Amino acid sequence: MSVSVVQLQEVRKAYQIGPVVVEALRGVSFDIRSGDYVSIMGPSGCGKSTLLNVLGCLDRPSNGRYLLGGQDTSELDDDRLSFLRGSRLGFIFQSYNLIQQLTVLENIEVPLYYQGLSEAESRRRAGGLAERVGLANRLEHKPFELSGGQQQRVAIARALANDPLILLADEPTGNLDSGSGAEILRLFDELHEQGRTLVMVTHDPGIARRATRTILLRDGLLESDVANEREGASRNA
Amino acid sequence: MFTPAHLRRTLRLAVKSLWLHRLRSFLTMLGIVFGVCSVIAMLAIGEGASFETQEQIKNLGSQNIIVRSVKPPEEQKVSDKSSQGFVLQYGLTYPDLRRLQSSIPGVTVVVPGRILREYVWNISRRVDCEIMGTVPWYPQMRNHPVARGRFFTEKDMEAAANVCVLGAAMAEILFPLGSPLGRDVRVGGSYYRVVGVMEPPAGVAPAAEASSSSKPAAHRMYIPLETARRRFGEILARERSGSIEAERVQLHEVTVKVASREAVMAVADAVKEALERHHKKKDYEIVVPLELLRRAERTRQIFNVVLGSIAAISLLVGGIGIMNIMLATVTERTREIGIRRAMGARRRDIVLQFVVESTLLAGLGGLLGVLLGIGIPWLVTWFANLKTIVTVWSPLLAFTISALVGVVFGLYPARRAAQMDPVEALRHE
Ligand SMILES: Nc1ncnc2c1ncn2[C@@H]1O[C@H](COP(=O)(O)OP(=O)(O)OP(=O)(O)O)[C@@H](O)[C@H]1O
Ligand SMILES: [Mg+2]
């Protein structure tokens, strides 16, 4: 029996814009177990990104509890949250979010740098990860010299750098053509097979079905949380 | 937490991002460069000037008190109106000399001097010269050594011998070829045997050296006091605007040597009192080199305070320039900050990154400023022939302060960067 990596309990997130309070999340609860591959769907503005930011400790819930690996994150200070982001969580963004001045290798090294890895060890590990995502021959390139798909693969390598508990991807194929998108999704499938825990926000039901589980959000509330039957079929395809 | 390896990598990162905006970094640096460079250069020039003054004053002897005869100002008008036969009598006398020597405790030696303005000739070469009639121990007393040959002796003095010691510059002019030693120079109708040549004096003639004569001569020749008395007498006739003006001055100058530096001021007061008692008019002046030295020291302190203020202002301006550029950088790199925060950077990592960058900027500016600041005094010495002294502490201090400016003025932009909300920063375009 696998353990819960993530436990959300009645999580709320409200934004105050002048006198108006916008509730992006209005009490969301669910667990994610180690090895889960979760897709999050829902109409625009329903709070998917907000949820992912909370999961990624980039944002704190205004109410409710979020336990990551059994630890209540609301008790942690900024330094501890930074540590969690760097060591337990891996982010993959729609717009890649690579640092433009740095090379592929240096971008992959960024999370390692903040965990205080030695230069040689960090270089070695980053090189291995670049190879893992098929960019071994692009180490010294700058992001703008790469295609969107390649950039997203750098971002995946970077997210994997510190061997995180969970990978969080917000519309990772949103900016990609179907070909490079498919490559990224294949990479996700592989990671899932290797036992990684993944959470992916998407608008595409076809993509969502590749996950083992799909969570549907509507107006800041969890509408449905279903296991995908086609999981096995999609994976073998 | 911040290991040397960590710091080294942060430094490399800072170099990289500064290099990315080379021109901007360079222009920002200029503010610090000019601040630091002007401070070091000005200090060096000031230090050089004050060193020269102090050397000149020290040459007078910090244990000496120099009393000079001065023509009393009110008498000048009378003598102008008076007829040709009038002889103006003023200044220090031989009784004064004896009194100074015997009645003031703390006085060790007294050196009298008579100064005569004459032309000195070697065949057809001529030099306008102050002839100083004095005693054999004059060189030791005034810290002005003989370069070649010897000074005249007690024996020369007793015999009122016609011997002389030339100033370095006039020796060059009168005897451009070969040694002047053993040769003769002519003054009026008499010849003097050259027995020595003085060292060139350190620095130019200081203001204190401006003696009673209207304009100090550039050259000096030394003869025994006794010789001066016998050959030239005590009445000096001088032609001025058509009329002959005659003065009787026994001694133009008396140098009093005091046993210790501590006693100088007290002895100076005693000398003043002793002279006041016997002179109705103020026909003398008392120069105390030690006092001049102290005054020069004070002047230098004031100069340094003024310079320090200029330095502070220019570094402040440079610092504001750095802060301005760092604020722009932080805004420009908001997205990068968001990414780094999402990748595990703590607030202090972000602060360190930007502070190291601003400190590097200021430090490099400081370094360039130090190099320029050392180079400029060198050029000034080379082209303007002014003495300059770059003290060890001035580049060190200027550099340290400039680096500190980088830290202080980088701190606010860095803290602003660190306080940004990661989600907001990531959304920034
Ligand atoms: N920083 C913020 N300040 C104010 N309101 C916010 C903020 N971030 C999100 N919101 C609001 O919260 C709600 C949820 O936003 P969120 O970005 O999570 O939607 P989403 O599901 O990711 O939409 P999309 O599919 O378009 O990306 C929206 O109504 C949005 O306006
Ligand atoms: Mg979104």
Side-chain angles (χ1 to χ4, degrees), chain A residues 13 15 24 49-50 52-54 56-60 76-103 106-123 142-143 155 158-162 164 168 170, chain B residues 1-22 24-25 328-354 356-357 360 414-429:
Chain A
K13 181 70 193 180
Y15 293 106
S49 296
T50 306
L52 214 64
N53 287 339
V54 169
C57 294
L58 282 170
D59 224 343
R60 290 170 186 272
L76 303 176
D77 63 9
D78 192 82
D79 278 6
R80 294 290 303 165
L81 286 181
S82 300
F83 171 74
L84 284 185
R85 286 198 293 268
S87 62
R88 303 276 181 269
L89 299 159
F91 289 92
I92 297 151
F93 303 92
Q94 179 174 356
S95 50
Y96 328 127
N97 275 340
L98 301 176
I99 299 174
Q100 296 301 314
Q101 299 91 285
L102 304 184
T103 65
E106 288 166 337
N107 263 294
I108 299 173
E109 282 185 287
V110 169
L112 297 171
Y113 174 68
Y114 292 113
Q115 295 312 312
L117 232 71
S118 81
E119 232 166 310
E121 173 62 14
S122 139
R123 206 130 272 250
K142 294 281 173 68
R158 182 179 64 181
L160 289 170
N162 276 316
L168 303 166
D170 195 349
Chain B
M1 196 71 223
F2 296 125
T3 60
H6 189 94
L7 209 64
R8 199 176 59 235
R9 292 170 77 180
T10 312
L11 207 65
R12 201 181 309 153
L13 193 71
V15 170
K16 208 169 193 171
S17 59
L18 288 181
W19 183 249
L20 202 72
H21 302 285
R22 295 181 271 286
R24 194 165 82 177
S25 304
T329 304
V330 165
T331 307
E332 204 178 75
R333 289 161 64 185
T334 300
R335 181 91 167 223
E336 180 191 329
I337 294 161
I339 296 170
R340 289 183 181 279
R341 292 282 278 143
M343 297 301 141
R346 292 162 303 176
R347 291 213 160 107
R348 77 182 88 138
D349 293 316
I350 301 294
V351 169
L352 187 75
Q353 183 183 343
F354 285 96
V356 163
E357 211 166 290
L360 195 68
R415 288 183 62 84
R416 244 172 73 153
Q419 291 307 321
M420 272 190 300
D421 177 29
V423 179
E424 292 294 329
L426 277 170
R427 208 176 286 153
H428 192 267
E429 271 313 311

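On a predicted model such as this, the values are computed, not experimentally measured, just so you know.
With a threshold of 4.5 angstrom between heavy atoms, A/Leu84 does not approach chain B through any atom at all. Only the side chain of A/Glu109 comes within contact range of chain B, judged by heavy atoms closer than 4.5 Å. Only the side chain of A/Ser122 comes within contact range of chain B, with heavy atoms under 4.5 Å apart. Contact annotation for B/Arg8: only side-chain heavy atoms (C-beta onward) come within less than 4.5 Å of a heavy atom of chain A. With a 4.5 angstrom heavy-atom cutoff, A/Leu117 touches chain B only via backbone atoms. The contact between A/Arg158 and chain B is made entirely by side chain atoms (from C-beta outward), counting heavy-atom distances below 4.5 Å.
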Exercise for the section: Using the side-chain contact (heavy atoms from CB on, under 4.5 Å) rule, take A/Leu58 and B/Leu426 through it: C-alpha gap first, then chi angles, then the decisive distance, then the call. Expected result: CA-CA 10 Å; A/Leu58 282 170; B/Leu426 277 170; 3.9 Å; yes
Practice task
Report the C-alpha separation of A/Glu106 and B/Lys16 in whole Å, then their side-chain angles, then the decisive distance to 0.1 Å, and conclude whether the salt bridge (charged side-chain N to carboxylate O under 4.0 Å, His left out) test is met.
Solution key: CA-CA 12 Å; A/Glu106 288 166 337; B/Lys16 208 169 193 171; 2.5 Å; yes
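Options A/Asn53, A/Asp79, A/Leu102 differ in how many heavy-atom pairs under 4.5 Å they form with chain B, and the most are formed by A/Asp79. With chain B as partner, the option from A/Ser82, A/Ala161, A/Gly90, A/Ser118 having the largest number of non-hydrogen pairs under 4.5 angstrom is A/Ser82.
To the nearest 0.5 angstrom, B/Arg340 atom CZ is 12.5 Å from A/Asn97 atom CG.
At a threshold of 4.5 Å between non-hydrogen side-chain atoms, the residues B/Arg9 and A/Glu119 count as touching. Counting heavy atoms from C-beta on, the side chains of A/Ile99 and B/Met343 never come closer than 4.5 Å. Residues A/Asp78 and B/Arg341 meet the side-chain proximity criterion, which asks for heavy atoms closer than 4.5 Å. Side-chain contact between B/Arg335 and A/Ser95: present, with at least one pair of heavy atoms (C-beta onward) separated by less than 4.5 Å. Looking at A/Tyr113 and B/Thr10, their side chains come closer than 4.5 Å, going by heavy atoms from C-beta outward.
A pairwise comparison of heavy atoms in A/Tyr114 and B/Gly344 identifies CB-O, 3.7 Å as the closest pair.
Remark: A/Arg60 CZ is packed, more than 12 non-hydrogen atoms of other residues, nucleotides or ligands lying under 6.0 Å away.
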